[in-house]
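The first residue of the sequence shown is numbered 1, and numbering continues consecutively from there.
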Amino acid sequence: AYATMEYANIIYPVDNGIATIKLNRPKALNALNSEINADIMAAINEVKADPSVRVLIMTGSERAFAAGADVKEMAEANPRYARQFCGLAIEINNILESLPIPTIAAVGGFAFGGGCEMTLACDFRVGGPRTTLSFPEVGLGIIPGANGCARATAIVGPAKAKQLVMLTEMIPGKQAYDLGLLNWFVEGDAALNAAARDAKGAVKAAKMDGVEEKIAAAKAAAKTAETAAAKAEYEAIYAKAVDVAKQLMGKPACALAAAKAAINKAAIETVAAGKATETTEFTLLFDTHDQKEGMAAMIEKRSPVFTN
């Protein structure tokens, strides 16, 4: 593992070919303002320039992946500024989507608005019971501005995309998994979750008794228990993302890039365009070492040694 450039609003480690961009504005629940977007963009450029990176994980904290774009920055904006503001977010998501390497969003806690859009620009998403996806924009008199409407449509279809965007529904982890918004749903630590539930119950009991000191103590204990359970859940979500990343690293990079390009073409443009790209990518892979090696290994009944 090695640390890379220091950033103010993100943490960017690279470990054995797996890069992680961890959003780190804890006071603002990782709200996406122009500063954090600039840091994300710079880190993505580092990923692009580093041939050792095979997979990118995007993540936040146990409380929030990213709680949307910073409304304070947008409240008084005119259309021209709004176009500028969404421009960088659009660019970040388009690059995440088109990177030749696989991208995984490890989503702990909230992913609202722009945060939700960023997860949808990744190839895969992992979440848990405390994960919540939501597009609150319509309630603020706007709509998702970084292509969230389009990507949600490609992932869950127009009927469900309208439900998400127009009703501003909060989608908890299990429901997000059932909808196909999450690829994997991971439970945290059962004992810590049980302790958090019990501590919550103790707050209710203390309120019934009505003794202020007891209520305050129960609330403090519940907060501590919930924090521990949420942390363990986030760690499990991130560990699953790393596990998926390692599986992907066992596959040849050229084939992964070709598969991503063909599927994206079909999903984002048209199925017809996707078919054409698929045929081109398929044929060009026969010019790679890893195709010769993969097929030879199968014929010779041995494990392939890919060079990527």
Side-chain angles (χ1 to χ4, degrees), residues 32 37 40 44 56 58 60 64-69 71 74 79 82-83 85-107 110-127 131-185 241 244 256-278 281:
L32 300 169
N37 278 340
I40 294 166
I44 290 174
L56 170 62
M58 298 294 295
F65 176 88
V71 176
M74 290 190 293
R83 179 68 190 84
F85 184 83
C86 73
L88 187 53
I90 288 170
E91 199 181 344
I92 287 168
N93 290 344
N94 282 343
I95 292 173
L96 282 174
E97 185 172 65
S98 61
L99 278 176
I101 60 169
T103 55
I104 306 166
V107 191
F110 304 122
F112 288 173
C116 191
E117 290 180 299
M118 193 178 286
T119 72
L120 299 188
C122 295
D123 297 316
F124 306 101
R125 284 158 293 284
V126 189
T131 302
T132 309
L133 302 181
S134 175
F135 284 123
E137 286 91 341
V138 162
L140 303 173
I142 56 170
I143 63 171
N147 304 142
C149 295
R151 287 196 178 92
T153 302
I155 294 167
V156 297
K160 286 290 179 193
K162 285 173 184 169
Q163 194 179 330
L164 270 173
V165 174
M166 294 164 77
L167 289 168
T168 67
E169 287 187 355
M170 305 258 254
I171 310 289
K174 183 68 177 75
Q175 193 187 338
Y177 172 72
D178 292 340
L179 272 175
L181 285 167
L182 295 178
N183 297 77
W184 295 278
F185 178 77
V244 172
L256 289 176
K260 176 169 173 169
I263 293 167
N264 277 358
K265 196 80 171 171
I268 297 156
E269 294 181 29
T270 62
V271 173
K275 286 175 178 174
T277 298
E278 186 174 319
E281 294 285 356

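- By the side-chain hydrogen bond (donor to acceptor under 3.5 Å, both in side chains) test, Asp178 is found to be paired with Lys174, residues two or more places apart in sequence or in another chain being considered.
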With a cut-off of 3.5 Å and sequence neighbours excluded, list every side-chain donor-acceptor pair involving residues 132-142.
unit_1: Ser134; atom_1: OG; unit_2: Glu169; atom_2: O; d: 3.4

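- Under the side chain to side chain contact (heavy atoms under 4.5 Å, CB included) criterion, Ala241 pairs with Ile57, Ile104, Ala106, Val126, sequence neighbours left out.
- Here Phe124 pairs with Trp184 under the ring pair (Phe, Tyr, Trp, His ring centres under 6.0 Å) rule; sequence neighbours left out.
- Of the possible donor and acceptor atoms, none in the side chain of Thr153 sits under 3.5 Å from a partner among the backbone N and O of Pro158.
- Between Asn183 and Asp123, the shortest heavy-atom distance links the atoms OD1-O, 4.3 Å.
- Listed here is the closest heavy atom pair of Phe185 and Gly173: CE1-C, 3.6 Å.
- In this structure, Arg125 contributes its side chain and Leu181 its backbone to a donor-acceptor pair below 3.5 Å.
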Open item on the list: One pair to check against side chain to side chain contact (heavy atoms under 4.5 Å, CB included): Glu97 and Asn147. What are the steps and the verdict?
Closed with: CA-CA 11 Å; Glu97 185 172 65; Asn147 304 142; over 6 Å; no
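- When the side chain to side chain contact (heavy atoms under 4.5 Å, CB included) test is applied to Ala121, the partners found at least two apart in sequence or on another chain are Asn93, Leu96, Arg151.
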Task: Test side chain to side chain contact (heavy atoms under 4.5 Å, CB included) applied to Lys260 and Thr103, step by step - done: CA-CA 10 Å; Lys260 176 169 173 169; Thr103 55; 4.1 Å; yes
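- For the atom pair CD1 of Ile40 and CD1 of Ile95, the computed distance is 11.5 Å after rounding to the nearest 0.5 Å.
- Taking every heavy atom of both residues into account, Met58 and Phe65 meet most closely at O-CE1, 3.5 Å.
- With sequence neighbours left out, the side chain to side chain contact (heavy atoms under 4.5 Å, CB included) criterion links Lys265 to Glu269, Ala273, Thr277.
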